[in-house]
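Note that the structure is a prediction, hence the values are computed from the model and not measured.
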Amino acid sequence: MSIRHGLLALLEHGPRYGSQLRTEFESRTGATWPLNVGQVYTTLGRLERDGMVVQDGEDGAGHALYAITDAGRGELRSWFGRPVDRASPPRDELAIKLAMAVGAPGVDIRAVIQAQRHATLRAMQDYTRLKAQALVAVEGADGEKARDDVAWLLVLEQLIFQTEAEARWLDHSESRLARLSAAAARKAGNATPATTSGTGDAQGPAVAPGTADAQGPAATEATGASADRTTSTDHGTARTTSAARSARR
């Protein structure tokens, strides 16, 4: 997350002090990524060091104001114009957890997937409820409030898409592990003496612990995830049909 560029974008509207920048940043993003004042002032100090902001006097209450410079505006324009770099994606705790669960002694990876799926769907329902509220707010607001509400709506819709993708990936992961487990079991059952050890035990590929036995692709539990959920478009915004409708009730 680029706090640096977010603060520059806010300063382009005029001089601000630290607490004001924190409040406006959280208002624009719906407090999805909360900041503390220390983070704000640390970032302002670095921006000032790099010549992108300057201190611009004080307000009536004695707060030190910061203003964007021409160099800061140039950096902001460059940031808006270039795509977000995906060459070094941020670490994803869930992906790391599942990667480490494969082969971990005593870990039921299907239970790990199930627990995460329930949490993901709950989050999706929460986001969808918030989206409904944001849509109402956008329709009834104007001026700066409308701008903040639209910004919050875009963040919410990104979170909804993200949780939908996560739910589909969890379903896929469970099916993938089940197929690998079934294939390993079949290979072990069909092993010839030449592929067995001195003890007579088959030496086929190791089966990921916690995956389904040779049952073929596992049927996904009735969670309302990807099998029961589709997305449609409504003026460029995403709607969820199963989890979203239940949330909006």
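Checked by atom type and distance alone, the side chain of Thr120 never pairs as donor or acceptor with a backbone atom of Ala167 at under 3.5 Å. For Ser78 (side chain) and Gly74 (main-chain N/O), no donor-acceptor pair under 3.5 Å exists by modelled atom type.
At a threshold of 4.0 Å, the pair Asp171-Arg168 does not count as salt-bridged, since none of the basic side-chain nitrogens sits closer than that to a carboxylate oxygen.
Heavy-atom minimum distance, Val138 versus Val150: CG2-N, 3.9 Å. Summarising the geometry of Glu26 relative to Pro34, their closest heavy-atom pair is OE2-CA, 3.4 Å, with the distance given to 0.1 Å. When all heavy atoms of Leu76 and Leu8 are compared, the closest pair comes out as CD2-O, 3.9 Å. In terms of heavy-atom proximity, Phe25 sits nearest to Gly6 at CE1-CA, 4.2 Å. Between Ala9 and Phe80, the shortest heavy-atom contact is CB-CZ, 4.3 Å. The nearest pair of heavy atoms linking Asp56 to Pro15 is OD2-CG, 3.5 Å.
Rounded to the nearest 0.5 angstrom, Leu135 CG and Leu130 CG are separated by 11.0 Å. Distance NZ/Lys131 to CG/Leu156: 9.0 Å, rounded to 0.5 Å. One distance of note links OG1 of Thr42 with CD1 of Ile3; it measures 9.5 Å at 0.5 Å rounding. One distance of note links CG of Leu10 with CZ of Arg22; it measures 13.5 Å at 0.5 Å rounding. How far CD of Glu24 is from CG of Leu7: 10.5 Å, rounded to the nearest 0.5 Å. Atom OG1 of Thr43 sits about 12.5 Å away from atom CD of Glu48, to the nearest 0.5 Å.
Residue pairs meeting the side-chain hydrogen bond (donor to acceptor under 3.5 Å, both in side chains) criterion with at least one partner in residues 83-104, sequence neighbours excluded, are absent.
With Glu174 as the partner, the side chain to side chain donor-acceptor pair (under 3.5 Å) test is satisfied by one option alone out of Arg179, Gln114, Arg117: Arg117.
Two residues are said to be in side-chain contact when any heavy atoms from C-beta on lie closer than 4.5 Å; Gln39 and Asn36 meet this criterion. Looking at Met52 and Arg46, their side chains never come closer than 4.5 Å, going by heavy atoms from C-beta outward. Using a 4.5 Å heavy-atom cutoff, the side chains of Leu170 and Leu94 are in contact. Inter-residue side-chain proximity for Val40 and Arg16 is flagged as unmet; no heavy-atom pair is nearer than 4.5 Å. Within the 4.5 Å cutoff, the side chain of Leu98 has heavy atoms near those of the Trp169 side chain. Between Glu166 and Met124, the closest side-chain pair of non-hydrogen atoms is not below 4.5 Å.
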Check residues 57-66 and write down every donor-acceptor pair under 3.5 Å in which the side-chain atom is one partner and the other belongs to a residue at least two apart or another chain.
| residue | atom | partner | partner atom | Å |
| --- | --- | --- | --- | --- |
| Asp59 | OD1 | Ala61 | N | 3.0 |
| Asp59 | OD1 | Gly62 | N | 3.0 |
| Asp59 | OD1 | His63 | N | 2.7 |
| Asp59 | OD1 | His63 | ND1 | 3.4 |
| Asp59 | OD2 | His63 | ND1 | 3.0 |

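Under the 4.5 Å side-chain heavy-atom criterion for Ile, Leu, Val, Met, Phe, Trp and Tyr, Leu11 and Val37 are members of the same hydrophobic cluster. Linking ILVMFWY side-chain heavy atoms closer than 4.5 Å, directly or via other members, places Leu21 and Val54 in two distinct hydrophobic clusters.
With sequence neighbours excluded, the residues satisfying side chain to side chain contact (heavy atoms under 4.5 Å, CB included) with Ser27 are Asp148. Every side chain to side chain contact (heavy atoms under 4.5 Å, CB included) that Thr32 has, sequence neighbours left out, goes to Trp152, Val155, Leu159. Take Glu12 and apply the side chain to side chain donor-acceptor pair (under 3.5 Å) test, not counting sequence neighbours, and it matches Arg77.
Under a 4.5 Å side-chain heavy-atom criterion applied to ILVMFWY residues, the cluster that includes Ile96 comprises Met100 as well.
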